[in-house]
Amino acid sequence: MNDAVLSAATAVLLRNWRGRHTVPAGGLYPHQWSWDSAFIAIGLRHLSPRRAQQELDSLFSAQWADGRLPQIVFDPRRDDYSPGAKFWRSDRIPGSPPVSTAGLVQPPNHAWATLLVHQSDPSESRRRRFLDRAYPRLVAWHEYLNSRRGAPGSGLAAVVHPWESGLDNSPYWDSPLDNVDGSFGEDVPRPDLDHADATERPSNKEYGKYLYLAATYRDADCDDSAEACPFRVEDPAFNAIWARSELALAAIAEELGIAPAYDHRERSRGITLALESLWDEELGTYVARDAITGDLQKYRTVSGLVPLLLPEIGHGDELEELLRGPHFELGKSCLVPSHDLLAPTFDPSRYWRGPSWFNTAWLLAEALKTRGATVEAQTLAASMAELASRNDFPEYVDPHSGEPHGTRLFSWTAALCLDQQVQQTEGN
Ligand code: 9WN
């Protein structure tokens, strides 16, 4: 293990710890974020399994009555992020938890993280009844996705806002956003630009639509009806992560020795099969589908590669080929670009339209390991450590030069590098 990387990553996680949860980054993201916390727990489990449990417990305690795990749990002491607690006013919405949260969600990586945290110290986990607490929460969360976000007959869950995908300004959302007839107006608050360069963040036009969609959803009490959701898109990564998490739920139910609430492996298989409806033969990748118009969004993005995580995915070999070829250049580019290197829409520094991120590199390293491509997985893990420690754990990097972008001392960058380093030492 590289001790310098390990201690630098540990320092980032200690610095960003806020007593019961970790913030993604002190300035730009001062609250608790949903899928960040799951990624962070995956790293924290090597430092303190107890703290990793707290991280997830803190998010679970903000669960809504309908089962959703919110995108953001607000720290009442901070009012410098937009949209914040005053925008959402979640306490007025029936079924919201006692703490202030956003009404949207993020990708469901939590069951997978919960299982990994448990496995890092099973006896401490059993002693604190961590899985007993988590399992019903996770089942309710997945049931929310199944019942409230699934379009009849599709077998997939839809996101109702680009923020829900976690890949906020991916080109997948361009056309569905264009079809949204409304905007927040000219006066779009952008406190994010105090912490990151405007050329590295979503545009003002995108932010206008983001806030319009969030306000429309909020004003309908975060109901998932068609009127409240003029944006509804099925994303490959969101659904692949859900299917992966269903497999983790199956393992959790087995560990607890209880009859599962429903057949988790069957659900995972169903989502995996449904993902085939997002396969684009011409591009050789999975793509997103606008669930309102039915149109496939024909772009190669890192999201379309994430189904590689699923053992029974139909086009795994083609995805590996795509990952290694000129569009993503695995092993030659830095990590895995968020968007096709050859596309006219590729931008090496703007957020999810080109830069490489550490969470998607981690997901693909895990996928490659499962598929037996161990050397490539190790190379990816080694570049994560190198690019992160060279540049103060950046949020994302230029896929050609490795130049850092976005904020620094970013928690999931630290947590996931740490996880890969420890796994390598343990021979996993
Ligand atoms: C909106 C916290 C989050 C991540 C997302 C990333 C970014 C927020 C923003 O930061 O999104 O949720 O303000 O841009 O896109 O994946 O969870 O790190």
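Start at 1 and go down the list; that is how both ligands and their atoms are numbered.
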Within 4.0 Å of some non-hydrogen atom of Phe410, the atoms of ligand 1 are 18 (O)
Atom indices of ligand 1 within 4.0 angstrom of Arg201 heavy atoms, with elements: 9 (C), 13 (O), 14 (O)
Atom 4 (C) of ligand 1: which protein heavy atom is closest, and how many Å away? Asp36 OD1, 3.5 Å
is_close_aromatic(Trp412, Tyr29), centroid dist under 6.0 Å: no
Between ligand 1 and Gly166, is the shortest N or O to N or O distance under 3.5 Å? yes
Residues 97-107 side chain polar contacts: donor-acceptor under 3.5 Å, at least two apart:
unit_1	atom_1	unit_2	atom_2	d
Thr101	OG1	Trp64	NE1	2.9
Gln106	OE1	Ser34	N	3.4
Gln106	OE1	Trp35	N	3.0

Counting each atom of ligand 1 from 1 as listed, which ones have a heavy atom of Gln71 under 4.0 Å away? 1 (C), 12 (O)
Do any nitrogen or oxygen atoms of Asp168 come within less than 3.5 Å of a nitrogen or oxygen of ligand 1? yes
Please write down residue, atom name and distance for the protein heavy atom closest to atom 13 (O) of ligand 1. Tyr81 OH, 2.5 Å
For atom 6 (C) of ligand 1, state which one of Tyr351, Trp35, Trp163, Trp33 supplies the nearest heavy atom. Tyr351
Report, as yes or no, whether the 6.0 Å neighbourhood of atom NZ on Lys298 holds more than 12 heavy atoms from other residues, nucleotides or ligands. yes
Going by the rule ring pair (Phe, Tyr, Trp, His ring centres under 6.0 Å), which residues pair with Trp141 if we only count those two or more places apart in sequence or in a different chain? His110
The salt bridge (Lys or Arg N to Asp or Glu O under 4.0 Å) partner of Arg353 among Asp174, Asp168, Asp347 is Asp174
